[in-house]
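A quick write-up on the structure given underneath.
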Amino acid sequence: MSKVIFITGAGRGLGTDIAREALAAGHQVVATGRRPEEVEETLGGPADNLLVTKLDVTSLDDAYTAAQAAVDRFGRIDVLINNAGNFFAGYFEEITPEQMRQQFETNLFGPMNVTRAVLPIIRGQRAGHVITLSSSAGLIGQEFCVAYAASKFAVEGWMESLRYDVEPFNIHTTVVEPGFFRTELLVDASTTWPEPTIADYAERTTATIAAWKSMSGQQPGDPAKLARALLTIADQKQPPLRFVAGADAIEGVEAKANELLAQAEASRELGGSLAHDDTTG
């Protein structure tokens, strides 16, 4: 069944793949980005089932304007795919407080802004689906990813809790944790690389930047297949609350789950004895 699918960050990377696959499947697509003319060109020009509109996810005004434009054009929004994001790489001490805040502005407050604008529409419909791209780094801390992982861990908590807010209105939520896909996340337009400013980190910083840059375009995951998987989820009557995407991500999440279980068991004797004891006064 054709749906109205609202996609952020549709100008390149995974967002472009999602928009292309959705258009090919016959959906009505709202493709958003900071430079709408580039989004439209990337997607092959105007089409009856395509609305391209400006959206900087860090702007709440942009989010409300884009959501209203979607309703004006197509009458509703069925699926919101929060895809836009970026990556501030580096060790914690070499990431400035301003950069850390910028990371959260795009990766956390960005999807919050767009969801805040779209929720009244789908709540009024008593039907809808919010899909937000997190990362395997939203579940598993990684070296050189402290800012990115922190922002994605926050996305996980927000989306996992949002579920309870919106379930009574027949609104589904899915948070997606991809592993390494060829999504352009590691290109310079999406990644801010740190300057080696602290001698203790300099050698590791230089080597890690080189290693990550060499990985760009060589990641195992196929973004077109991920896009099709997301559309499959969007079409399900009972979509998953969480979708771990990619064999590498599944392996990592399984290892993290086992680690958490082991840590919980190791905490049982001391951590489980902390309830108030009335006999002690």
> Should Glu259 and Lys256 count as an ion pair when the cut-off is N to O under 4.0 Å?
Replying inline: no

> Do Pro97 and Arg101 have side-chain heavy atoms sitting under 4.5 Å apart?
Replying inline: yes

> With distance as the sole test, does Gln125 use its side chain to make a donor-acceptor pair with the main-chain N or O of Ile77 at under 3.5 Å?
Replying inline: yes

>> Applying the side-chain contact (heavy atoms from CB on, under 4.5 Å) criterion to Leu133, which one of Thr8, Val155, Ile81, Asn82 satisfies it?
In response: Ile81

> Do the side chains of Val175 and Leu139 join up, straight or via other hydrophobic residues, at under 4.5 Å, putting them in one cluster?
Replying inline: no

> Would a distance-only check, ignoring hydrogens and angles, find a side-chain to backbone donor-acceptor pair under 3.5 Å from Arg73 to Leu50?
Replying inline: yes

>> Please determine whether the number of non-hydrogen atoms from other residues, nucleotides or ligands lying under 6.0 Å from atom CZ of Phe169 exceeds 12.
In response: yes

> If you look at every heavy atom in Ser2 and Gly26, which pair is closest and at what distance?
Replying inline: OG-O, 3.1 Å

> Sub-3.5 Å donor-acceptor pair from the side chain of Glu93 to the main-chain atoms of Ile198, do we have one?
Replying inline: no

> Counting only heavy atoms not in Glu41, do more than 12 fall under 6.0 Å of its CD?
Replying inline: no

>> Please determine whether salt bridge (Lys or Arg N to Asp or Glu O under 4.0 Å) holds for the pair Arg268 and Glu265, giving the CA-CA distance in whole Å, both sets of side-chain angles, and the decisive distance to 0.1 Å.
In response: CA-CA 5 Å; Arg268 188 179 301 277; Glu265 184 58 36; 2.8 Å; yes

> Would you say Phe243 and Val253 are hydrophobically clustered, going by side-chain heavy atoms of ILVMFWY under 4.5 Å?
Replying inline: no

> Closest approach of Phe104 and Ala147, non-hydrogen atoms and distance?
Replying inline: CE1-O, 4.3 Å

> For Asp72, does the CG atom sit with more than 12 other heavy atoms under 6.0 Å from it, leaving out its own atoms?
Replying inline: yes

>> Can you confirm whether Tyr91 sits close enough to Val146 that some side-chain heavy atom of one is under 4.5 Å from a side-chain heavy atom of the other?
In response: no

>> Starting from Val79, can I reach Val29 by hopping between I/L/V/M/F/W/Y residues whose side chains sit under 4.5 Å apart?
In response: yes

>> Please evaluate residues Leu226 and Leu14 with respect to the criterion side-chain contact (heavy atoms from CB on, under 4.5 Å), reporting the C-alpha separation (whole Å), side-chain torsions for both, the decisive distance (0.1 Å), and the verdict.
In response: CA-CA 8 Å; Leu226 176 54; Leu14 179 61; 3.8 Å; yes

> Do Leu241 and Ile122 belong together in a cluster built from hydrophobic side chains that touch within less than 4.5 Å?
Replying inline: no

> Do Val130 and Val118 come within less than 4.5 Å of each other through their side chains, counting heavy atoms only?
Replying inline: no

> Honestly curious: do Leu23 and Leu230 fall in one hydrophobic cluster under the side-chain, below-4.5 Å linking rule?
Replying inline: yes

> Got a donor-acceptor contact below 3.5 angstrom from the Glu105 side chain to the Thr58 backbone?
Replying inline: no

Quick one: side chains of residues 157-166, donor-acceptor pairs under 3.5 Å with protein atoms, not counting sequence neighbours, listed by atom name and distance.
unit_1: Glu160; atom_1: OE1; unit_2: Arg242; atom_2: NH2; d: 3.1
unit_1: Ser161; atom_1: OG; unit_2: Gly157; atom_2: O; d: 3.0
unit_1: Arg163; atom_1: NE; unit_2: Glu167; atom_2: OE2; d: 3.1

> Do Arg35 and Val39 come close enough that some side-chain heavy atom pair is under 4.5 Å?
Replying inline: no

> Quick one: do Arg76 and Asp78 make a salt bridge, cutoff under 4.0 Å?
Replying inline: yes

> Under the side-chain contact (heavy atoms from CB on, under 4.5 Å) criterion, do Gln238 and His172 qualify, and how do the steps go?
Replying inline: CA-CA 8 Å; Gln238 290 297 326; His172 300 288; 4.0 Å; yes

> Distance-only, no hydrogens or angles: does the Asp62 side chain make a donor-acceptor pair with backbone N or O of Asp56 under 3.5 Å?
Replying inline: yes

>> What I want to find out is whether Glu143 reaches Arg204 closely enough, with some N-O distance under 4.0 Å, to be called a salt bridge.
In response: yes

>> With rounding to the nearest 0.5 angstrom, report the CG to CG distance, Asp222 to Asp17.
In response: 7.5 Å

> What's the spacing between Thr174 OG1 and Ile131 CD1 if we round to 0.5 Å?
Replying inline: 5.5 Å

> Sub-3.5 Å donor-acceptor pair from the side chain of Thr206 to the main-chain atoms of Glu203, do we have one?
Replying inline: no

> Looking only at heavy atoms, which two atoms of Leu51 and Ala69 are closest? And how far apart?
Replying inline: CD2-O, 3.5 Å

> When you measure from the side chain of Thr16 to the backbone N and O of Ala10, does any donor-acceptor pair fall under 3.5 Å?
Replying inline: yes

> With a 4.5 Å heavy-atom cut-off, do Thr96 and Met100 have their side chains touching?
Replying inline: no

> Between Leu119 and Ile171, does a side-chain contact (heavy atoms from CB on, under 4.5 Å) hold up when you go through it step by step?
Replying inline: CA-CA 9 Å; Leu119 270 181; Ile171 298 172; 4.1 Å; yes

> Rounded to the nearest 0.5 Å, what separation is found between the OH atom of Tyr64 and the OG atom of Ser59?
Replying inline: 11.5 Å

> Taking C-beta and beyond as the side chain, do Ser136 and Asp248 meet within less than 4.5 Å on heavy atoms?
Replying inline: no

> So, His27 side chain and Glu21 main chain: donor-acceptor pair closer than 3.5 Å or not?
Replying inline: no

>> Using a 3.5 Å distance criterion without hydrogens, assess whether the side chain of Ser273 forms a donor-acceptor pair with backbone atoms of Leu270.
In response: yes

>> Is the shortest side-chain heavy-atom distance between Val30 and Ile5 below 4.5 Å?
In response: no

>> Angle between ring planes, Phe87 versus Trp193, binned at 30° and 60°: parallel, tilted or perpendicular?
In response: perpendicular

> What's the spacing between Leu261 CG and Gln263 CD if we round to 0.5 Å?
Replying inline: 9.5 Å

> Phe109: what forms a ring-ring contact (aromatic ring centres under 6.0 Å, His included) with it, not counting sequence neighbours?
Replying inline: none

> Given Leu55 and Val114, is the side-chain contact (heavy atoms from CB on, under 4.5 Å) satisfied, shown in steps?
Replying inline: CA-CA 9 Å; Leu55 173 55; Val114 182; 4.0 Å; yes

>> To check you understand the geometry: which heavy-atom pair defines the closest contact between Pro240 and Ile233, and what is its length?
In response: CD-CG2, 3.8 Å

> About how many Å separate CG of Asn107 and CZ of Phe88, when rounded to the nearest 0.5 Å?
Replying inline: 9.0 Å

> Are His129 and Lys3 close enough that some pair of their side-chain heavy atoms sits under 4.5 Å apart?
Replying inline: no

> What is the distance from atom CE of Met112 to atom CG of Leu60, rounded to the nearest 0.5 Å?
Replying inline: 12.5 Å

> Is there a donor-acceptor pair closer than 3.5 Å between any side-chain N or O of Glu177 and the backbone N or O of Ala137?
Replying inline: no

